Amino acid sequence: MQDKYSPRDIETAAQKYWDESQAFKAVEDSSKKKYYCLSMFPYPSGKLHMGHVRNYTIGDVLTRYHRMQGYNVLQPMGWDAFGLPAENAAMQNGVPPAKWTHDNIAYMKKQLQSLGFAIDWEREVTTCTPEYYKWNQWLFLRMLEKGIAYKKTQTVNWDPVDQTVLANEQVIDGRGWRTGALVEKREIPGYYFAITQYADELLASLDALPGWPERVKTMQANWIGKSLGVRLAFPYTLDGKAEKLWVFTTRADTLMGVTYVAVAAEHPLATHAAKNNPELAAFIEKCKQGSVMEADVATMEKEGMKTGLFVQHPLTGEQVEVWVGNYVLMTYGEGAVMAVPAHDERDFGFAKKYSLPIKQVITQMSKAGEEAFSDSAWQESYGSKEGVCINSGKYDGLGYEAAVDAIAADLAAKGLGEKKVQYRLRDWGISRQRYWGCPIPLIHCAKCGTVHVPDDQLPVKLPEDCVPDGSGNPLKKRADFLNVACPQCGGAAERETDTMDTFVDSSWYYARYCSADNANAMVDERAKYWMPVDQYIGGIEHAILHLLYARFWNKVMRDVGLSVGSDEPFANLLTQGMVLNHIFSRRTDKGGIAYFAPEELELEHDANGKLVGAKSKADDQPVDYNGIGTMSKSKRNGVDPQSLIETYGADTARFFMMFASPPEQTLEWADAGVDGAHRFLKRVWAFGHENAALIKDAPTVNGKLGDELAKLRREVHLNLKQATADLQRQQFNTVASAGMKLLNALERAAEGDQKAAVIAEGFSILLRVLSPITPHITHALWQELGYGTDILSAPWPQVDEAALVQDELELVLQINGKLRGSIKVAASADKAAIEAIAVASETAQQHLNGAAPKKVVVVPGRLVNIVC
RNA sequence: GCCGGGAUGGUGAAAUUGGUAUACACAGCGGACUUAAAAUCCGCCGGCCCUAAUCGGCCAUACGGGUUCAAGUCCCGUUCCCGGCACCA
């Protein structure tokens, strides 16, 4: 046995052993309880970053822990390999996205393997391979057949200089990231998945997911946003024809307070009004500038212009003025809203700005609003809270529900409205005008229209040698891809060049791992054994979109008749906190933005170690600080774990990452503390080495121990108990602490009868507690010390409750809630006895001064509080 | 702007159900070993006050209120930070 801890040798040997013994190959075995542990697969950006190390270490700890608990475990890995960064890299380096992606995968796979994760690599899945994306195409066609997929227009960000569609991420302050040009909104056709058809089920089955964090379920429920409201119409006459302007509201009780209606810039009414109104036409054009992002729309200055048109109030028949508002979105609801400035904050701001009338129709029973319409007066007099109707004619005095019912009934009688359930959730637009994605399997024929690619011609393969140049989709220039015979008439036709959103790829990979080698089916019977995923682990940033899309897709697969095994794909979810780092950038001369990677920068700190700025190493000039944020490819602020692994070894990297903070917590990256983690592992090794002879020959603990050794053994089992509980509740930082405390205790062991037995037992517990976190060092020591051949299949240690028993307890003594001392009581003492001892104590007598206590609170095993 | 989360020593954090706030570490300081350094080991380590030193007292879990015998933990309000907002993945 080496006397010095040498991670390189130990880790290479352990990994070789696992590899040769096929230790992590998962085989279906219906006689054993299965545990499918899945971490979100990485985008192959080039190198792992610390967020990956954190994510995959968490998954590996859970996998190895459950294996020791006797489960048949599956932990697979794959690559979310289509996406935008590959195209950006292609533009920068002139390398085709396919090559760049496959090179990155090869490198990152080596990195993952060097971390010693218990992964079954035979099930590896890569989404940019035809074997995988064939099934995207296959299911897409099934969805078209079932009416779950359909075509309509979508609004996109358009860069007028590059003549290309921009992702939201590529829009910075309303400008294209490469060109600096003002971004425009543009309407183009695209394919949608009707996720709203599943809205009710997606909402309802959140209740069937007790293993999901509440915060994620709340976010998803709010995102789906089911609300009961009223869809109602404002009638009007246009060119002599009777028309209706439809709106949706959740506040029909305020209908009598409507003082104007606002429509989107793209609304037909706006278009009509603009025909003879150049000023309005110009305003509508202006509304088309800027990004489509909701955050931008919600924070921009609200602007509007009157159309000169009027509609009728559906109940009173009064004239209501129609405005165009830049905050009304054509793609939401009806593209028009009724405005009640007295009881909606946004309408109020708009009405104040354009001096529109404000009519109070709800009272909160505070003072009536005669005074100036200042914001605080609005809050006090009006407000958006539900209340009782006033100034509303026959509805006066009604509360929210009664008013909505009465108004809805009156609208229905006139044929001008009805109650309606509305969702905030919108259908999922999946068309991307981009090269590096899964081709949409459709063919456009002049004669036959849009034709489905027949199943026997799938997959539609993406040519892998394109190099995008930033302007438009290169597939449009590929005659060999584009030109195809129409499957129906055999005439000349063209392939669809749009590709699918990469969220499609990641919506079902969990199922593919179960049948990764099946070329004839998307999933097969084996999915029934493994699914649902028992533990899914990934970043909290996926709380809504990815997790909702995956839940939706799983239900679609079920409804298409595939054997997915369950209605929900992920039984338990652990949402990892983000690993953050500082972000630095510079404006480019074109007006775009360029980010700097940590290795390109010289950071500057003040005396307290606080970051004050940074300089580029290349030109020694300062760069802009953009605050702190998620480690990401696009912001270039990821920290590569490679040097950490090379310097200290995988076990140190893993231990440090787990010890740094609880998994769900956001973590600002700092490598202070890595030394401490490494020092601890060196101590573990040294302890094993120094006590090797003692441990190898040790008998088992038998009979009563001396006080000191009994105390040590109690500490060992206390820490085992804590570590086991912490693994159950997935708080790995305190599992690491428990390991440290355990070693501290063992190192301080007193001499005495049975010392060898206590040490041998204690160290075997320590090794097993640590093994999920630091599998290599524990594997080596387990073998070297003769505990067994393979710690992987060692059972998880059991707490000996007898070792925890104490004869005498020390309780905290509080006087009036303040710590004033302690008392010793027999473990068997009852409440009355404890109270008597506490009151009789010298400390209590001093404070009581002869008087009787007003109250005594006894918390068994913890404290006594005397109130005087 | 909307939805979700967070804030505890110089730093990462602990406190599992309302019951000793700061476990376990990092950094720092002091010491041992050494010709020396590294490594290793030992000790100290929230702030203020009292004391020669102990003993002890007060304050402190982002900020302001509240409930309770008792609040980091529960309730109300505020600030700042992080994640998401539908074409980053």
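Throughout, protein chains are lettered first and strands after them, A, B, ... in sequence-line order, and every chain is numbered starting at 1. Model, not experiment: these values are computed from the prediction.
Contact between the side-chain N/O atoms of A:N744 and the OP1/OP2 oxygens of B:A25 is found at a separation under 4.0 Å. A:S632 has no side-chain polar atom (N or O) that falls below the 4.0 Å cut-off from OP1 or OP2 of B:C88. Regarding contacts with the backbone of B:A13, a side-chain N or O of A:Q665 is found under 4.0 angstrom from either OP1 or OP2. Proximity of A:N222 to the phosphate of B:G4: a side-chain N or O atom is located under 4.0 Å from OP1 or OP2.
Of all heavy-atom pairs between A:K217 and A:W212, the closest is CE-O, 3.4 Å.
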Are any protein N/O atoms closer than 3.5 Å to N/O atoms in nucleotides 56-58 of chain B? If there are, list each pair with its distance.
unit_1: B:C58; atom_1: OP1; unit_2: A:R820; atom_2: NH2; d: 3.4

Enumerate all atom pairs, one protein N or O and one N or O from nucleotides 70-78 of chain B, separated by less than 3.5 Å.
none

All N/O pairs under 3.5 Å across the protein-nucleotides 39-43 of chain B interface:
none

At a cut-off of 3.5 Å, list every protein nitrogen or oxygen paired with a nitrogen or oxygen from nucleotides 80-84 of chain B, distance to 0.1 Å.
unit_1: B:C82; atom_1: OP1; unit_2: A:I628; atom_2: O; d: 3.3
unit_1: B:G83; atom_1: OP1; unit_2: A:T630; atom_2: N; d: 3.1
unit_1: B:G83; atom_1: OP1; unit_2: A:T630; atom_2: OG1; d: 3.3

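Using a 4.0 Å heavy-atom cutoff across all strands shown, A:S634 reaches no nucleic acid atom at all. Using a 4.0 Å heavy-atom distance criterion, A:L863 is classed as a base contact. Counting non-hydrogen atoms under 4.0 angstrom, A:V165 reaches a base of the nucleic acid. Contacts of A:P42 with the nucleic acid, taken as non-hydrogen atoms under 4.0 Å apart, are absent. Counting any heavy atom pair closer than 4.0 Å across all strands shown, A:G577 reaches no nucleic acid atom. A:A295 comes within contact range of at least one nucleobase, with a heavy-atom separation under 4.0 Å. Contacts of A:R432 with the nucleic acid, taken as non-hydrogen atoms under 4.0 Å apart, include base atoms. Residue A:F659 is in base contact, counting any heavy-atom pair closer than 4.0 Å across all strands shown.
Of the candidates B:C88, B:G12, B:A86, B:A86 carries the atom nearest the A:L425 side chain, counting heavy atoms from C-beta on. For A:V857, the side-chain atoms get nearest to B:G19 when compared with the rest of B:G19, B:G12, B:U16. The A:R215 side chain lies nearest to B:G5 when the options are B:G5, B:U16, B:C26. Looking at the side chain of A:K741, the nearest of the listed nucleotides B:G12, B:A89, B:A23 is B:A23. Nearest to the side chain of A:N733, among B:A13, B:C87, B:C26, sits B:A13. Checking B:C88, B:G1, B:G4 against every side-chain atom of A:T299, the shortest atom distance belongs to B:G1.
If you check distances only, the side chain of A:Q170 never reaches the base of B:C88 with a donor-acceptor pair under 3.5 Å.
Atoms CG (A:L743) and P (B:A23) sit 19 Å apart, rounded to a whole Å. Spacing between atom NZ of A:K633 and atom C1' of B:A89 amounts to 13 Å, rounded to whole angstrom units. Distance, A:R862 CZ to B:A15 P: 12 Å, rounded to whole Å. Remark: P of B:C24 and NE2 of A:H678 are 22 Å apart, rounded to the nearest angstrom. Atom P of nucleotide B:C55 and atom CD of A:Q846 are separated by 16 Å, given to the nearest angstrom.
Under the 30°/60° scheme for interplanar angles, the aromatic rings of A:H582 and A:Y625 are found to be tilted. Between A:F193 and A:F552, the ring-plane angle classifies as tilted under the 30° and 60° cut-offs. Ring geometry, A:F659 versus A:F655: the interplanar angle falls under 30°, so the pair is classed parallel (tilted spans 30 to 60°).
There is no side-chain donor-acceptor pair under 3.5 Å between A:S661 and A:N733. Inspection of the A:Q220 and A:R551 side chains reveals an N or O donor paired with an N or O acceptor under 3.5 Å. Judged by distance alone, the side chains of A:S471 and A:Q163 never bring a donor and an acceptor atom under 3.5 Å apart.
For A:R748, the salt bridge (charged side-chain N to carboxylate O under 4.0 Å, His left out) criterion is met by no residue, not counting sequence neighbours. Remark: A:K151 engages no residue in a salt bridge (charged side-chain N to carboxylate O under 4.0 Å, His left out) (not counting sequence neighbours). In this view, A:R434 satisfies the side-chain hydrogen bond (donor to acceptor under 3.5 Å, both in side chains) rule with no residue, not counting sequence neighbours. Legend: residues meeting side-chain hydrogen bond (donor to acceptor under 3.5 Å, both in side chains) with A:T126, ordered by chain and number and at least two apart, are absent. Listed by chain and number, the residues in a side chain to side chain contact (heavy atoms under 4.5 Å, CB included) with A:K152 are A:Y150, A:Y192 (sequence neighbours excluded). Among residues two or more places apart in sequence or in another chain, the salt bridge (charged side-chain N to carboxylate O under 4.0 Å, His left out) test is passed with A:E301 by A:K353.
B:U79 and B:G65 are spaced 15 Å apart, taking the C1' atom of each and rounding to whole Å. Of the P atoms belonging to B:U40 and B:G57, the separation is 40 Å, rounded to the nearest Å. Using atom C1' as the reference point in both B:C26 and B:A14, the two lie 15 Å apart (nearest Å). Taking atom C1' in both B:G10 and B:G4, one finds a spacing of 32 Å when rounded to whole Å. Across the C1' atoms, B:A13 and B:A25 are found 8 Å apart, a figure rounded to whole Å.
A 4.5 Å side-chain heavy-atom check between A:I834 and A:L811 finds at least one atom pair inside the cut-off. When side chains are defined from C-beta on, A:W669 counts as touching A:M631, because their heavy atoms get closer than 4.5 Å. A:Q433 places none of its side-chain heavy atoms less than 4.5 Å from the side chain of A:T164.
Taking the six-membered ring for Trp, A:W436 and A:F82 have ring centres closer than 6.0 Å.
Every stem involving RNA chain B, taken as at least 3 paired positions in a row under the Watson-Crick or G-U wobble test at 3.5 Å, is listed here: B:1-7 with B:79-85, B:10-12 with B:24-26, B:28-32 with B:40-44, B:46-49 with B:56-59, B:62-66 with B:74-78.
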Item to check | Chi angles and distances behind the ring-ring contact (aromatic ring centres under 6.0 Å, His included) call for A:F656, A:H678 | outcome: CA-CA 8 Å; A:F656 170 65; A:H678 190 62; over 10 Å; no
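Toward the 5′ end of RNA chain B lies the nearest nucleotide of A:V867, the other residue of the pair A:H546 and A:V867 mapping further downstream.
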Counting only pairs under 3.5 Å, give me each side-chain donor-acceptor contact of residues 166-178 of chain A, with atom names and distances, residues two or more places apart or in other chains.
unit_1: A:N168; atom_1: OD1; unit_2: A:N157; atom_2: ND2; d: 2.8
unit_1: A:E169; atom_1: OE2; unit_2: A:S634; atom_2: OG; d: 2.7
unit_1: A:Q170; atom_1: OE1; unit_2: A:A167; atom_2: N; d: 2.8
unit_1: A:D173; atom_1: OD2; unit_2: A:R587; atom_2: NH2; d: 3.2
unit_1: A:R175; atom_1: NH1; unit_2: A:G180; atom_2: O; d: 3.0
unit_1: A:R178; atom_1: NH1; unit_2: A:D162; atom_2: OD2; d: 3.0

